Each structure stands twice: as C-alpha cells, then as structure tokens.
Amino acid sequence: MPAKIFAIANQKGGVGKTTTSINLTFALGELGKKVLLVDIDPQGNSSSGIGLDRRELKLSIYDVLVNSVPITDVILRSSSPNVDIAATNLDLAAAEIELVPMARREFRLKEALDKVKPLYDYIIIDCPPSLGLLTISGLVAAQRLLVPVQCEYYALDGLGQLLSTTEKIAANLNPELAIEGAVLTMFDGRTNLAKEVVNEVRKFFGDKLFNTVIPRNVRLAEAPSFGRSIIEYDAYSLGARAYRVLAQEFLTRQQ
C-alpha cells in the first residue's frame with residue numbers, strides 16, 4: 001500500500017511540532033516502518049535536528065516546490081535505516097513569495113510526494129508555525145492532520161483558526177484531509193495548570209486526543225543540538241519512552 005501522509009501543524013511556535021515530527025518518525029522507524037520526514041519549515045529545524053548541515057545541501061525542498069526538481073533528487077538517508085528526509089534550508093523562506101504566481105501552487109508538494117508514496121509506509125510533513133502557503137501546501141498533500149498542543153495557558157489559542165483552515169482545505173482543495181488528532185506536549189505533572197490544560201484540550205478534541213502525553217524532559221530538549229532523535233540520543237529517557245508509546249498508539253489508530 002502507498003504511504004499515508006500526515007501533516008504536523010500548529011501555527012503557534014514552540015509547541016513541540018518539530019520535536020514530535022522527528023521523534024515520532026524515528027520511533028516508527030524503530031518499529032520497522034519505512035518513513036519519509038519532509039521538512040517544509042524554512043527554519044529547517046527537522047533537518048538540523050537529525051544532524052544535517054543545511055548550508056551544505058545541494059538541493060532541498062525549495063528546489064522541489066519552485067524549480068520542479070524531482071523529490072527523489074532531494075531525499076537523503078538518515079542515521080536510521082528506515083528513515084529518510086527531504087530536507088530544507090533558508091532558501092525556502094523565499095518560496096512563499098515565488099510560488100504565488102505559479103499555477104497549481106498549492107498542489108506542487110502533493111504532486112511531488114505522490115511519486116514516492118509507494119516507497120514508504122508513512123510520510124510525515126513538518127509544517128511551519130504559520131498558516132501561510134507552505135502550511136497550506138502541507139495540508140493539501142496530507143491525508144491527516146496531527147496537532148501538537150503545549151500544556152500551557154494559551155494552549156487553545158489559534159486552534160479554532162487552524163481547524164477552520166483545515167475544513168476549508170478539505171472542502172475546496174483536498175477532500176481526503178481529516179484530523180487525526182492532537183498530542184499534548186511539554187506536560188509537567190507538578191503543576192495544576194498543566195492538568196487543567198489537559199482537561200480543556202480533551203473537551204476541545206474529544207476522542208481525537210491521543211492518550212499518550214509527552215512530558216517536559218531535559219534530554220528531549222538537548223537531543224536536537226546533537227543532531228539526534230531522542231530514540232538515538234537517550235533511548236531510556238522519559239522522552240524516548242513517551243514517543244515510543246505514541247508511535248504504538250499511532251499505529252493502533254491506523255489499523
């Protein structure tokens with residue numbers, strides 16, 4: 001079966017979007033699934049977070065979107081035998097403007113990924129923290145949206161807008177698109193606020209909320225600076241255990 005494509009998006013920054021993109025991908029790879037991680041955030045944190053030097057990339061997702069380079073020319077191997085990455089660099093920041101006059105601009109990522117779907121079990125797209133053209137491209141390419149939600153006071157701010165955008169894209173551009181669910185991140189069980197946020201997010205998403213909660217964890221925060229997923233950086237940390245459990249729950253939902 002061709003890959004199922006998931007966009008990981010939240011227009012708020014700092015909610016664990018890239019952390020979830022990288023570590024869910026590598027946890028799935030550890031479980032024997034072949035996964036492609038697609039970095040469409042101009043900050044390129046998924047690319048650098050698994051050890052790539054973005055300055056040395058000869059080709060990137062920018063070239064796929066703007067110059068119609070085949071995505072197979074951009075895909076690189078990662079440190080995991082089951083994980084590949086379509087990386088990006090700062091050139092992608094210009095794509096939001098350069099894509100505007102192009103025909104079928106919202107479909108360019110989808111059309112590129114359609115060609116490699118047979119090679120993977122899952123494709124995970126790390127979207128930028130905005131609702132601009134790049135995120136819309138990610139949502140048009142995806143079949144499912146996964147939303148990381150930080151356990152903090154303004155957790156639900158902007159989620160209504162994200163879900164409204166998702167509904168519009170499903171109605172007008174991508175009828176396959178649906179919400180897979182939300183994942184709570186950076187949970188600190190010592191605070192009453194975090195527990196209140198969990199309850200609020202559960203009311204908002206209902207049974208779409210994953211049971212697995214990702215804790216606030218120092219090792220999880222350190223891993224990207226070493227260019228490693230948490231699975232490789234500290235396999236026995238709380239963060240690694242949480243993402244392994246999330247990957248198992250994720251796979252259970254796909255059955």
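All of these numbers come straight from a predicted model, not from anything done at the bench. Count residues from 1 along the sequence.
- Residues V183 and Y154 are members of separate hydrophobic clusters, defined by side-chain heavy-atom contacts under 4.5 angstrom among Ile, Leu, Val, Met, Phe, Trp and Tyr.
- Taking hydrophobic clusters as Ile, Leu, Val, Met, Phe, Trp and Tyr residues chained together by side-chain heavy-atom distances below 4.5 Å, L139 does not share a cluster with L92.
- Between the side chain of N67 and the backbone N or O of V69 there is no donor-acceptor pair closer than 3.5 Å.
- At a threshold of 4.0 Å, the pair K33-D121 does not count as salt-bridged, since none of the basic side-chain nitrogens sits closer than that to a carboxylate oxygen.
- In this structure, I61 is a member of the same hydrophobic cluster as M102, with clusters built from ILVMFWY side-chain heavy atoms closer than 4.5 Å.
- Scanning all heavy atoms of the two residues, the minimum distance from G138 to I125 falls at O-CD1, 3.8 Å.
- Not one N or O on the side chain of Q254 forms a donor-acceptor pair closer than 3.5 Å with the backbone of L251.
- I40 places none of its side-chain heavy atoms less than 4.5 Å from the side chain of T88.
- Shown are I123, I124, D84; of these, the side chain to side chain contact (heavy atoms under 4.5 Å, CB included) with V35 is made only by I124.
- Taking the side chain as every heavy atom from C-beta outward, Y236 and R241 never approach each other to under 4.5 Å.
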Would you check, one step at a time, whether the test side-chain hydrogen bond (donor to acceptor under 3.5 Å, both in side chains) holds for E106 with S137?
CA-CA 5 Å; E106 298 95 343; S137 297; over 6 Å; no
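- Proximity of a side-chain donor or acceptor of N174 to a complementary backbone N or O of V140 within less than 3.5 Å is detected.
- Atoms CG and CD, from L162 and E167 in turn, are 10.0 Å apart once rounded to the nearest 0.5 Å.
- Considering only heavy atoms from C-beta on, V197 stays 4.5 Å or farther from Y153 through its side chain.
- To the nearest 0.5 angstrom, I22 atom CD1 is 7.0 Å from S48 atom OG.
- Checked by atom type and distance alone, the side chain of T135 never pairs as donor or acceptor with a backbone atom of C127 at under 3.5 Å.
- Between L28 atom CG and F6 atom CZ the span is 9.0 Å, to the nearest 0.5 Å.
- By the 4.5 Å heavy-atom criterion applied to side chains, S79 and I50 are not counted as neighbours.
- The CG atom of L109 sits 9.0 Å away from atom CG of L134, with the distance rounded to the nearest 0.5 Å.
- R253 contributes a side-chain N or O that, together with a main-chain N or O of E180, makes up a donor-acceptor pair within less than 3.5 Å.
- L238 and F187 are members of different hydrophobic clusters when ILVMFWY side chains are connected at heavy-atom separations under 4.5 Å.
- In terms of the ring-ring contact (aromatic ring centres under 6.0 Å, His included) criterion, F204 has no residue partners (sequence neighbours excluded).
- A240 and A235 make their closest contact through CB-O, 3.5 Å (heavy atoms, listed as atom of the first residue, atom of the second, distance).
- When atom types are taken as modelled, the side chain of R105 and the backbone of V100 share a donor-acceptor pair closer than 3.5 angstrom.
- None of T18, D41, V15, N10 except one satisfies the side chain to side chain contact (heavy atoms under 4.5 Å, CB included) rule with P129; the exception is D41.
- In this structure, CD in Q143 is found 6.5 Å from NZ in K4, a value given to the nearest 0.5 Å.
- Around the NZ atom of K168, the shell of radius 6.0 Å holds no more than 12 heavy atoms that belong to other residues, nucleotides or ligands.
- Both L163 and L177 are assigned to one and the same hydrophobic cluster, defined by single-linkage of ILVMFWY side chains at heavy-atom distances under 4.5 Å.
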One pair to check against side chain to side chain contact (heavy atoms under 4.5 Å, CB included): Q248 and L31. What are the steps and the verdict?
CA-CA 8 Å; Q248 293 278 11; L31 290 170; 3.5 Å; yes
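- Under a 3.5 Å cut-off, the side chain of Q150 and the backbone N or O of M186 do not form any donor-acceptor pair.
- Under 4.0 Å is where a charged nitrogen must lie from a carboxylate oxygen, and between R244 and E30 at least one such pair does.
- Scanning all heavy atoms of the two residues, the minimum distance from C151 to L184 falls at SG-CD2, 3.8 Å.
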Yes or no on side-chain hydrogen bond (donor to acceptor under 3.5 Å, both in side chains) for T252 and E249, after CA distance, side-chain angles and deciding distance?
CA-CA 5 Å; T252 301; E249 185 179 357; over 6 Å; no
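- Here the CG atom belonging to L24 is positioned 7.0 Å from the CG atom belonging to L146, to the nearest 0.5 angstrom.
- In terms of heavy atoms, Q11 sits closest to Q161 at NE2-OE1, 3.5 Å.
- Looking only at side-chain heavy atoms (C-beta outward), N23 and L220 come within less than 4.5 Å of each other.
- Salt bridge absent: E111 and R108 never bring a charged side-chain N and a carboxylate O closer than 4.0 Å.
- Cation-pi contact between R104 and F107: present, with separation from the ring centre below 6.0 Å and deviation from the ring axis of at most 45°.
- In this structure, L37 and S21 have side chains that are in contact, with non-hydrogen atoms separated by less than 4.5 Å.
- No side-chain heavy atom of T25 sits less than 4.5 Å from a side-chain heavy atom of Y122.
- Counting only heavy atoms from C-beta outward, the side chains of T191 and K195 never approach each other to under 4.5 Å.
- Between the side chain of D63 and the main chain of S60, a donor-acceptor pair closer than 3.5 Å is present.
- Salt-bridge formation is detected for the pair K12/E152: a Lys NZ or Arg NE/NH1/NH2 atom is positioned less than 4.0 Å from an Asp or Glu carboxylate oxygen.
- When ring centroids are compared, Y243 and F26 stay outside the 6.0 Å threshold.
- Nearest heavy-atom pair across A112 and V64 is CB-CG1, 3.5 Å.
- Summarising the geometry of D73 relative to L59, their closest heavy-atom pair is O-CD1, 3.8 Å, with the distance given to 0.1 Å.
- The backbone N or O of S47 sits less than 3.5 Å from a side-chain atom of D39, completing a donor-acceptor pair.
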Between L113 and I71, is a side chain to side chain contact (heavy atoms under 4.5 Å, CB included) present by the stated rule, with each step listed?
CA-CA 7 Å; L113 291 177; I71 197 163; 3.5 Å; yes
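- Shown here are the salt bridge (charged side-chain N to carboxylate O under 4.0 Å, His left out) partners of D126, two or more places apart in sequence or in another chain: K17.
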